[in-house]
Amino acid sequence: MSSCRGQKLAGGLRVASSFPLCQPAGEPSRGKMRSSCVLLTALVALAAYYVYIPLPGSVSDPWKLMLLDATFRGAQQVSNLIHYLGLSHHLLALNFIIVSFGKKSAWSSAQVKVTDTDFDGVEVRVFEGPPKPEEPLKRSVVYIHGGGWALASASTSWSPSDEIRYYDELCTAMAEELNAVIVSIEYRLVPKVYFPEQIHDVVRATKYFLKPEVLQKYMVDPGRICISGDSAGGNLAAALGQQFTQDASLKNKLKLQALIYPVLQALDFNTPSYQQNVNTPILPRYVMVKYWVDYFKGNYDFVQAMIINNHTSLDVEEAATLRARLNWTSLLPASFTKNYKPVVQTTGNARIVQELPQLLDARSAPLIADQAVLQLLPKTYILTCEHDVLRDDGIMYAKRLESAGVEVTLDHFEDGFHGCMIFTSWPTNFSVGIRTRNSYIKWLDQNL
């Protein structure tokens, strides 16, 4: 029998029961458990499919990088959905998500004093490291954060005094280890403003800082100041450096520039590093091209054409004179060009450059600046990573600067990926992140 409806007691009485006490153990429960296991397995498989991407064996901490990239891709997809629903611009939503996971208010430590202020109307965070007894004046680094000209800053209407934790930690480490004053510029972002407003912000803030009375306030040596930045911040730092060499009104000049995996041109999206790392975290080629279009407030319809270099085809006369300045077949060593071939279209889409002339502006693309401008630049440090679409931008800039007579240190990391230098603390601590940061700070210590 499959069940009994009662239980026999003493005297032969049978007491009714509302549940089957004598039911064989757990056939329905086994079915539920099997269903749960199947569902769990399916979810795990889907998560693994989403997280896993093929990576070169030489990249640092590959599984951790996959998880980081999956998190960032997830945030991008959420922000795109928000944009599609008309709730907010996708970059505003993405920046809000990023900052929410890693924001940090100004917080001084025993060694570093941290204050939020503004320099000529531009928000900055100042990190004042401990003074050296033998040096009454400190050296200084003006730092410009990356983020595609659109991310990684919390200078918004809802959070005016927060900075993303990763850059806060970097600037604190620099201030303490260099006994320096670090000025982190919180320039305005896309889509609030577009090119060239970000450049105007960093120029205005840096000029204000270079005033003798401001340097005196922070006890900074006017002869020991460096401009630095990573990714899009490296782009802005390079543009600022070029502009300052031509500004006769500046009494105090920059001693150094230090560029961390900088983005330096938008004419060729098929350099060997763009071809090699087309889908590599954290910055696939498609995403980088979209950042450029957003920076110029352009049309997304141009993205696919730009990816195949239709915007700088041979029939686009405006680009003709600039191609030689980023001819990677002559600027890159054979170890980087490998077997990759240039992608040069015979005919393309001249409308792109006509609607976005900023593409050919040296303020947006410092790599295409005149040789006469490059030769005036200070001693330069450029850090590049093998697994980064922007690798060749930095290497070509180093080559052009060397040809112009500028002393350059090119610091290349074979296991590095884009953005790695800010990932130095748990849970996003990467071996190459720690090594790149240490190498960067060591160069500053030895040269500033």
Side-chain angles (χ1 to χ4, degrees), residues 146 148-149 195-196 198-199 229-243 257 259-278 283-296 298 302-303 305-313 316 318-332 336-337 340 342-345 348 352-353 356-371 373-374 377 380 382-385 388-404 406 408 410 418:
W149 305 283
F195 173 88
Q198 286 82 354
I199 297 173
D230 66 295
S231 192
N235 169 279
L236 296 173
L240 181 147
Q242 292 182 6
Q243 186 167 325
Q257 67 172 346
L259 312 177
I260 314 302
Y261 30 78
V263 49
L264 297 170
Q265 59 88 24
L267 279 73
D268 187 354
F269 293 114
N270 288 274
T271 62
S273 62
Y274 267 108
Q275 294 186 51
Q276 172 183 296
N277 300 296
V278 61
L283 188 67
R285 175 170 64 178
Y286 177 77
V287 173
M288 187 63 247
V289 177
K290 280 190 67 178
Y291 280 139
W292 275 111
V293 173
D294 281 319
Y295 188 35
F296 298 144
F302 293 157
V303 171
M306 291 169 66
I307 284 175
I308 60 174
N309 287 350
N310 269 355
H311 61 306
T312 53
S313 55
V316 179
E318 297 91 334
T321 58
L322 301 174
R323 287 194 196 93
R325 299 181 185 182
L326 46 86
N327 179 10
W328 55 261
T329 59
S330 61
L331 291 172
L332 295 177
F336 293 110
T337 60
Y340 294 106
V343 175
V344 181
Q345 307 293 350
I352 298 175
V353 169
L356 300 177
Q358 308 96 310
L359 287 163
L360 309 182
D361 190 325
R363 291 176 300 169
S364 74
L367 180 56
I368 63 174
D370 292 338
Q371 188 87 341
V373 173
L374 299 183
L377 288 168
T380 299
I382 298 177
L383 187 150
T384 57
C385 294
D388 181 7
V389 293
L390 302 180
R391 179 199 69 188
D392 295 343
D393 283 22
I395 296 173
M396 288 191 288
Y397 198 47
K399 181 65 175 179
R400 287 207 65 207
L401 289 174
E402 283 182 346
S403 299
V406 177
V408 180
L410 178 62
H418 190 79

Might you point out which heavy atoms bring Gly146 and Ser231 nearest each other, and give the distance in Å? CA-CB, 4.3 Å
Which distance, rounded to the nearest 0.5 Å, do you find between the CE of Met306 and the CE of Met288? 9.5 Å
Shortest non-hydrogen contact between Pro284 and Val389, atoms and distance: C-CG1, 4.5 Å
State, with a plain yes or no, whether a side-chain heavy atom of Thr337 is found less than 4.5 Å away from one of Trp328. yes
Sub-3.5 Å donor-acceptor pair from the side chain of Asp392 to the main-chain atoms of Ser273, do we have one? yes
So, using side chain to side chain donor-acceptor pair (under 3.5 Å) as the criterion, who are the partners of His311 when residues are at least two apart? none
Where Leu259 and Gly234 come nearest, the two heavy atoms and their spacing: CD2-O, 3.7 Å
Specify the closest pair of heavy atoms between Arg323 and Ala320, including all atoms of both residues, with the distance to one decimal. NH1-CA, 3.1 Å
First locate atom CG of Leu283, then atom CG of Leu390, and finally report the distance between them rounded to the nearest 0.5 Å. 5.5 Å
Do Leu267 and Leu360 come within less than 4.5 Å of each other through their side chains, counting heavy atoms only? yes
Within the structure provided, determine whether Val344 and Asn309 are in side-chain contact (heavy-atom separation under 4.5 Å). no
For Ala398 and Val408, work out which heavy atoms get closest and say how close. CB-CG1, 3.8 Å
Leu331 side chain near Arg400 side chain, heavy-atom distance below 4.5 Å: yes
Asn270 side-chain N/O to Val343 backbone N/O, donor-acceptor pair under 3.5 Å: no
Gln265 and Asp393: side-chain donor and acceptor closer than 3.5 Å? yes
Compare all side-chain heavy atoms of Leu332 with those of Pro272 and state whether any distance is below 4.5 angstrom. yes
CG of Leu264 to CD1 of Ile395: how many Å apart, nearest 0.5 Å? 11.5 Å
Just wondering, do Leu374 and Gln242 contact through their side chains at under 4.5 Å, heavy atoms? yes
Check step by step if side-chain hydrogen bond (donor to acceptor under 3.5 Å, both in side chains) holds for Gln358 and Ser364. CA-CA 7 Å; Gln358 308 96 310; Ser364 74; over 6 Å; no
Approximate separation, where rounding is to 0.5 Å, of Asn235 CG and Ile199 CD1: 6.5 Å
dist Thr271:OG1 -> Gln275:CD (nearest 0.5 Å) comes out at 7.5 Å
Heavy-atom closest pair, residues Ser313 and Gly348: OG-N, 3.0 Å
For Ile308 and Phe269, run side chain to side chain contact (heavy atoms under 4.5 Å, CB included): C-alpha distance rounded to whole Å, both residues' side-chain angles, the deciding distance at 0.1 Å, then the answer. CA-CA 7 Å; Ile308 60 174; Phe269 293 114; over 6 Å; no
CZ of Phe302 to CG of Leu359, rounded to nearest 0.5 Å, is 9.5 Å
Would you say Phe336 and Gln276 make side-chain contact, with heavy atoms under 4.5 Å? no
Non-hydrogen side-chain atoms of Thr380 and Tyr397 separated by less than 4.5 Å: no
Would you say Asn277 and Asp388 are linked by a side-chain donor-acceptor pair, where the criterion is simply a distance under 3.5 Å? no
Residue pair Gln371, Ser403: steps toward the side chain to side chain contact (heavy atoms under 4.5 Å, CB included) verdict: CA-CA 9 Å; Gln371 188 87 341; Ser403 299; 4.1 Å; yes
Between Asp370 and Arg325, is the closest basic N to carboxylate O distance under 4.0 Å? yes
Parallel under 30°, tilted from 30 to 60°, perpendicular over 60°: which one fits the rings of Tyr261 and His418? tilted
Return the orientation label for the Trp292 and Trp149 ring planes: parallel under 30°, perpendicular over 60°, tilted otherwise. tilted
